[in-house]
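Report on one structure; see the data block that follows.
FYI, side chains are in, hydrogens and waters are out, and symmetry mates aren't considered; it's all heavy atoms of this structure. Chain naming here is simple, since letters A, B, ... match the order of the sequence lines and numbering starts at 1 in each. Just so we're clear, the structure is a prediction, and the values are computed from it rather than from any experiment.
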Protein chains: 2
Amino acid sequence: MSQPHEILFKTLADPTRRAIFERLCRDGDQTVAALTARAGISQPAVSKHLGVLKQAGLVRDRHEGRNTHYSAELGALAPLIDWTNQMAGFWQSRFDNLEDLLKRMDQ
Amino acid sequence: MSQPHEILFKTLADPTRRAIFERLCRDGDQTVAALTARAGISQPAVSKHLGVLKQAGLVRDRHEGRNTHYSAELGALAPLIDWTNQMAGFWQSRFDNLEDLLKRMDQ
DNA sequence: GCGATCGATAACTCTCTGGCTATTGGAAAC
DNA sequence: GTTTCCAATAGCCAGAGAGTTATCGATCGC
């Protein structure tokens, strides 16, 4: 029953985690070490964040020797876009109903 | 320096709070009592959530006698839409750069 | 093989927050 | 004016989660 946007909001609510995702979107493929260098937090903390992002489907990992590369999965943002559109839709349909009402009252 | 989408992600990360906002989008204007009836939590908890939503600019309040009505501010979602578009933009421009590179290599 | 490096896991701490009850301030009803 | 009702505030508590250090498994360079 849990909606797909639920996990996205929770995951992207943390600024550090969002920053990691943004960096992967901007600059593409990155190793954990490269991400840690810029994150300003410890390597285990970065790994944990990457785990959460992966769980949410926002990133993929690719193993290459002893390095692990992460990359953003842009498609994972779709449920978020859907949700905002849905909210806008509710708004619009309420507005339409009001218009209909006024039209009927005008008869 | 704090981006406008920061507070939106934080605010909408909580399911109860998001449910309140969704309800206001769907059904429009609601009193605190009406929202409390459906929320499954105490009235003070609902009031606190409404305070956070208001702080984020996601809702407006309107006082009418001893009742307080809340309504959704749909425009407040704009920074969220902007952010997702920006991520998509980063993605696209990296793709374009790759195309350019391949084109140059092809010469 | 051996030491060094990369990344994940474990175990712990500390803060932040979402929930509660109790109370208060106003506005209506009587 | 007193009581009743609505919503906000205060104060408290428990759980979640973001950070830390320590450690381990695996892979590379020598």
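- You'll find the side chain of A/W83 reaches within 4.5 Å of the side chain of B/R18, heavy atoms only.
- Of the residues in residues 20-38 of chain B, those placing a heavy atom less than 4.0 Å from an atom of DNA chain D are B/T31, B/V32, B/A33, in numerical order.
- Between B/P15 and A/K10 there is a side-chain heavy-atom pair separated by less than 4.5 Å.
- Read 5' to 3', the first and last nucleotides of DNA chain C with an atom closer than 4.0 Å to a heavy atom of chain A are C/dA4 to C/dT9.
- Partners of B/L74 under the side chain to side chain contact (heavy atoms under 4.5 Å, CB included) rule, at least two apart in sequence or in another chain, are A/M87, A/A88, A/W91, B/C25, B/L77.
- Note: CG (B/L53) to P (D/dA7) measures 16 Å, nearest angstrom.
- When each of A/D29, A/T68, A/N67 is tested with A/R62 by the rule side chain to side chain donor-acceptor pair (under 3.5 Å), just one qualifies, namely A/D29.
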Query raised in the report: Are A/V59 and A/I20 close enough, and set up right, to give a side chain to side chain contact (heavy atoms under 4.5 Å, CB included), and what steps lead you there?
Result: CA-CA 10 Å; A/V59 301; A/I20 292 174; over 6 Å; no

**Report entry** Footprint string (nucleotides 13-26 of chain D, 5' to 3'): B base within contact, S backbone only, - free, heavy atoms under 4.0 Å
**Finding:** -----BBBBB----

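- Taking the side chain to side chain contact (heavy atoms under 4.5 Å, CB included) definition, one finds that B/R60 meets it with B/S71, B/E73, sequence neighbours left out.
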Would you give me the side-chain donor-acceptor pairs under 3.5 Å for residues 34-42 of chain A, sequence neighbours excluded?
from: A/T36; atom 1: OG1; to: A/V32; atom 2: O; distance (Å): 2.8
from: A/S42; atom 1: OG; to: A/A45; atom 2: N; distance (Å): 3.4

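- Rounded to a whole Å, the NE2 atom of A/H63 is 13 Å from the P atom of D/dC28.
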Report task. Could you walk me through whether A/L58 and A/T11 pass the side chain to side chain contact (heavy atoms under 4.5 Å, CB included) test, one step at a time? Result -> CA-CA 9 Å; A/L58 285 163; A/T11 301; 3.8 Å; yes

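- Using a 4.5 Å cut-off on side-chain heavy atoms (C-beta onward), A/L53 and A/R17 make contact.
- Under the 3.5 Å distance criterion, with hydrogens and angles disregarded, no donor-acceptor pair is assigned to the side chains of A/H69 and A/T31.
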